[in-house]
Amino acid sequence: MLNIFESTKTIREHKGKSLIEFPHDFCIIDIETTGLDPSFDEIIEISALKIRDNIPCGTFSTLVQPCEYIDDETDSIFYVDSYITELTGITNSMLSTAPLFKDVQSTFIDFIGDDILVGHNVNFDINFLYDNLLKSNIFLKNDFIDTIRLSRRLLPELPNHKLQSLASFWNIDTTGSHRAEKDCLITYEVFKNLNSLVIEKFGTYEAFLESIKRKYTSISESELIKHLTTDKVEFDESNPCFGKEFVFTGKLERMPRKEAMQLVIDLGGKCGSSITKNTNYLVLGNNDYCGTIKNGKSRKQKKAEEYKLKGYDIEILSENVFYDFLD
DNA sequence: TCTCCTCGAGATCT
DNA sequence: CTCGAGGAGA
């Protein structure tokens, strides 16, 4: 029986759990595919690197032949488009002699056994493998560790967490990347470096785990405001921000809210997290993204309007007027 | 005012 | 997954 919830989201029964661990024995996995969507695209290469006692001790790697399609104009057989060949270096002629997924699946599942699977954005690889194995009524149940999840926690200051970026961060050689076997090796090096970072940044694995268990990672707005300080010692008292208390609502177009607050502080103003009798200005950002907001006005805006009617010294500013205040 | 919850957006994989 | 919004309720 199909219900409406299942139709919107793919549920993979018996799929393993995402772990935060640094085991000594595991398998690194990586696949190459014809695209990003497991329901339309196909696997063209699978690699796995078996690690025992933190040392690579075996490799599984094979190309996989996907469905062929015929080019109408040239009447020739294709497996991958030029974008994928460009990206991975895997060509149609290489795939023409490759085995099918069904032919390699048992060797693959024997190789990985019940090892923990480690990969970069490993859900991508797991989902493709899971769906293909399911066609033979095999459940891929292995638990897994995602290096992208670890790197976002351990290196939040990085501009992005692509495998390539992490590799260059640690000077890991990436020649021949975007082939599955090479990407396994890169991921292995990345995982080792992330492991060292845990101790460097948290002292113990337990401390790191504790930081992950805290569900709410970002500090509250009021907590953020408490920690805002300025180097300035002298202020232009004629600036409209001086001595005034600002509150922000919605998402600002031009800068993150934190930066806007810093500008206010630097001009001798103050910031608050909610509308009070002391609030002088409410700056309106964009609320379009927020599905729960009622009749276009945030709770802060309604309260500010109420206070203004009561005669408090409060004005509601658009984002652009706020920027005019700054100079 | 504070904690917890929900939701959208963006990131990442090929 | 993670972040950053607002909302509900204590």
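Throughout, protein chains are lettered first and strands after them, A, B, ... in sequence-line order, and every chain is numbered starting at 1.
- A straight line from CG of A:Leu163 to P of C:dC1 spans 20 Å, rounded to a whole angstrom.
- Separating the CG atom of A:Leu150 from the P atom of C:dT2 is a distance of 9 Å, rounded to the nearest angstrom.
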Can you give the dot-bracket line for DNA chain B, using ( ) for pairs inside the strand, [ ] for pairs that cross earlier ones, | for pairs with another strand and . for unpaired bases, where Watson-Crick and G-U count if both distances are under 3.5 Å? ||||||||||....

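- The CD1 atom of A:Ile126 sits 20 Å away from the P atom of B:dT12 (whole-angstrom rounding).
- Applying the ring-ring contact (aromatic ring centres under 6.0 Å, His included) test to residues at least two apart or on different chains, the pairs with a partner in residues 31-62 of chain A are A:Phe60-A:Phe108, A:Phe60-A:Phe111.
- A straight line from CG of A:Asn160 to P of B:dA9 spans 22 Å, rounded to a whole angstrom.
- Residues satisfying the side chain to side chain contact (heavy atoms under 4.5 Å, CB included) test with A:Leu185, not counting sequence neighbours, are A:Leu49.
- Counting only heavy atoms from C-beta on, A:Thr88 has its side chain closest to B:dT14 among B:dT14, C:dT2, B:dC13.
- For A:Glu21, the side chain to side chain contact (heavy atoms under 4.5 Å, CB included) partners at least two apart in sequence or on another chain are A:Leu19, A:Pro23, A:Ile116, A:Ile145.
- A:Arg152 comes within contact range of at least one nucleobase, with a heavy-atom separation under 4.0 Å.
- Contacts of A:Asp146 with the nucleic acid, taken as non-hydrogen atoms under 4.0 Å apart, are absent.
- Within the nucleic acid shown, A:Ile44 has no heavy atom closer than 4.0 Å to any nucleic acid atom.
- Residues passing the ring-ring contact (aromatic ring centres under 6.0 Å, His included) test with A:Tyr312 are A:Tyr307, sequence neighbours excluded.
- Pairs of residues two or more places apart, or lying in two chains, that qualify as ring-ring contact (aromatic ring centres under 6.0 Å, His included) and include a residue from residues 131-162 of chain A are A:His14-A:Phe139.
- Look at NE2 on A:His178: it is 5 Å from P on B:dT14, rounded to the nearest Å.
- A 4.5 Å side-chain heavy-atom check between A:Tyr188 and A:Ile51 finds at least one atom pair inside the cut-off.
- Under 4.0 angstrom from either OP1 or OP2 of C:dG6 there lies at least one side-chain N or O belonging to A:Thr249.
- Residues passing the ring-ring contact (aromatic ring centres under 6.0 Å, His included) test with A:Phe22, sequence neighbours excluded: A:Phe191, A:Tyr205.
- Contacts between residues 93-108 of chain A and DNA chain B, defined by a heavy-atom separation under 4.0 Å, are absent.
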Run A:Phe322 and A:Phe248 through ring pair (Phe, Tyr, Trp, His ring centres under 6.0 Å) and show every step you take. CA-CA 10 Å; A:Phe322 167 67; A:Phe248 293 83; 5.3 Å; yes

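- Scanning for ring-ring contact (aromatic ring centres under 6.0 Å, His included) contacts around A:Phe242 gives an empty result, with sequence neighbours left out.
- Every ring-ring contact (aromatic ring centres under 6.0 Å, His included) that A:Tyr281 has, sequence neighbours left out, goes to A:Phe246, A:Phe325.
- Nearest to the side chain of A:Arg153, among B:dT12, B:dT14, C:dT2, sits C:dT2.
- Using a 4.0 Å cutoff on non-hydrogen atoms, the parts of residues 180-195 of chain A near DNA chain B are A:Asp183, ordered by number.
- If you check every strand for non-hydrogen atoms under 4.0 Å, A:Tyr83 touches a base.
- Contacts between residues 113-125 of chain A and DNA chain B, defined by a heavy-atom separation under 4.0 Å, are made by A:His120, A:Asn121, A:Phe124.
- Look at CD1 on A:Ile20: it is 7 Å from P on C:dT2, rounded to the nearest Å.
- Summarising the geometry, the separation between CG on A:Asp37 and P on B:dC13 is reported as 17 Å, rounded to the nearest angstrom.
- Base contact: A:Ile84 has a heavy atom under 4.0 Å from a base atom.
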